[in-house]
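Below you'll find the structure, written out as structure tokens, and then a few comments.
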Amino acid sequence: MEVDIVLLEVKDLVVEVEGKRVLNGVNLSIKEGETHVLLGPNGAGKSTLFLTILGFPKYDVVSGSILFNGEDITDLNTTERVQKGIGVSFQNPPAVRGVSVRNLLKFECGLEPEDELPLEMQELCKKLKFSDEFLDRDVNRGFSGGEVKRSEILQLLAQKPLFTMFDEPDSGVDIENVELLAEELNVLLDKQKKPGQRRRAGLLITHLGYILNFVNADKAHVLMNGVIACSGAPDEVLEDIRKEGFKGCVDCAQCGSGCSES
Ligand code: ADP
Ligand code: MG
């Protein structure tokens, strides 16, 4: 019998940022091959969960744990987590003076600065509309919203993580760019394979759910006041939010009407 492997497991996670309690006991379980989506109003703690899973030092785990591929990673640093196969696309990544997109890509491919970019990467650069001149620019310096997101996705494609988190891939980006991003996002989530054959998994954070027009998710969760208030089929959860706003999720969690399994 085939056993589902849980790739990411967040257990009763309580997190403080700068002395402020932001997450109040988050539980989340993502299996191999699954794509989950995290919805929630502004300030709900979505990015805090993202950065805590990544291991940012400012995000203080008061209690609870994070397991990746069966291993407790709660006390590992960010580099160690990335080496284990966690990849991220930030909502607002920092600019890096003195490091070109090309050299960062080479680093992510395990190459030296004097090496050529592999053919596969050169083709991806073209597909994502990055010219040769563009690749020589400093990472994220003066990039437009679309360029930032395309550059993030390009780095992930070089990295090939087992589990990828995307913080608001659809914010501040026009429709053409969202479509282009979604195509590659689907590659990173193994969507070209049949459901039973997918290994790579991911968590998409989205405020309005726009990206779900282009990427299929297996499950949706709503984060409210630092806890998962509701989980369910993405279409149904989104429809409820569109009808009743996020307030409906609080009512739903309180009455325990059956949509709170995670
Ligand atoms: P979301 O991504 O859902 O919009 P965030 O996780 O960014 O929410 O923020 C949740 C809460 O945590 C907000 O009240 C925010 O002000 C606070 N917060 C997040 N990061 C920090 C930080 N570095 N310093 C202080 N407060 C923070
Ligand atoms: Mg956020």
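Values reported hereafter were calculated over all heavy atoms of this structure, with side chains retained and with hydrogens, waters and symmetry mates removed. One-based numbering, in listed order, for ligands and for the atoms of each. Everything numeric here is computed off the predicted structure, so don't read it as measured data.
Numbered from 1 in the order shown, with element, the atoms of ligand 1 that lie under 4.0 Å from a heavy atom of Asn42 read 4 (O). Interface atoms of ligand 1 facing Ala44, defined by a heavy-atom separation under 4.0 Å, are 1 (P), 3 (O), 8 (O). Close contacts of ligand 1 with Glu18, meaning ligand atoms under 4.0 Å from a residue heavy atom, involve 24 (N), 25 (C). Heavy-atom contacts of Pro41 reach the following atoms of ligand 1: 3 (O) (cutoff under 4.0 Å). Listed by atom number, the atoms of ligand 1 under 4.0 Å from Tyr59 heavy atoms are 20 (N), 23 (N).
When hydrogens are left out, the protein atom nearest atom 22 (C) of ligand 1 is Val17 CG1, 3.3 Å; that is the closest non-hydrogen contact. Ranking protein heavy atoms by distance to atom 15 (C) of ligand 1, first place goes to Lys20 NZ, 4.2 Å. Scanning the protein for heavy atoms near atom 8 (O) of ligand 1, the closest one is Gly45 N, 3.2 Å.
Side-chain contact annotation: Ser65 with Asp72, donor-acceptor N/O pair under 3.5 Å absent. Defined by atom type and a distance below 3.5 Å, a donor-acceptor pair is missing between the side-chain atoms of Gln83 and Thr79.
Every N/O-N/O distance between Val22 and ligand 1 stays at or above 3.5 Å. Looking at Ser47 next to ligand 1, an N or O pair under 3.5 Å apart turns up. Taking any N or O of Lys46, backbone or side chain, at least one lies under 3.5 Å from an N or O belonging to ligand 1.
At least one heavy atom of Gly43 sits closer than 4.0 Å to an atom of ligand 1.
Between Lys84 and Glu80 there is no salt bridge, since no side-chain nitrogen of the basic residue lies less than 4.0 Å from a carboxylate oxygen of the acidic one. For Asp190 and Arg198, the salt-bridge test fails: no basic side-chain N is under 4.0 Å from an acidic carboxylate O.
The closest side-chain heavy-atom distance from Leu7 to Phe68 is below 4.5 Å.
The environment of CD in Glu120 is sparse: at most 12 heavy-atom neighbours from other residues, nucleotides or ligands sit within 6.0 Å.
Ring pair Phe214/Tyr210 is perpendicular by interplanar angle, where above 60° counts as perpendicular and below 30° as parallel.
Both cation-pi conditions hold for Arg150 and Phe130: the charged atom is under 6.0 angstrom from the six-membered ring centre and inside a 45 degree cone around its axis.
Here the two rings, on Phe50 and Phe56, have centers that are 6.0 Å apart or farther.
Considering each of Thr52, Leu51, Thr48, the one bringing a non-hydrogen atom nearest atom 6 (O) of ligand 1 is Thr48.
Metal site remark for the Mg ion (ligand 2): Ser47 contributes an N, O or S atom at a distance under 2.8 Å.
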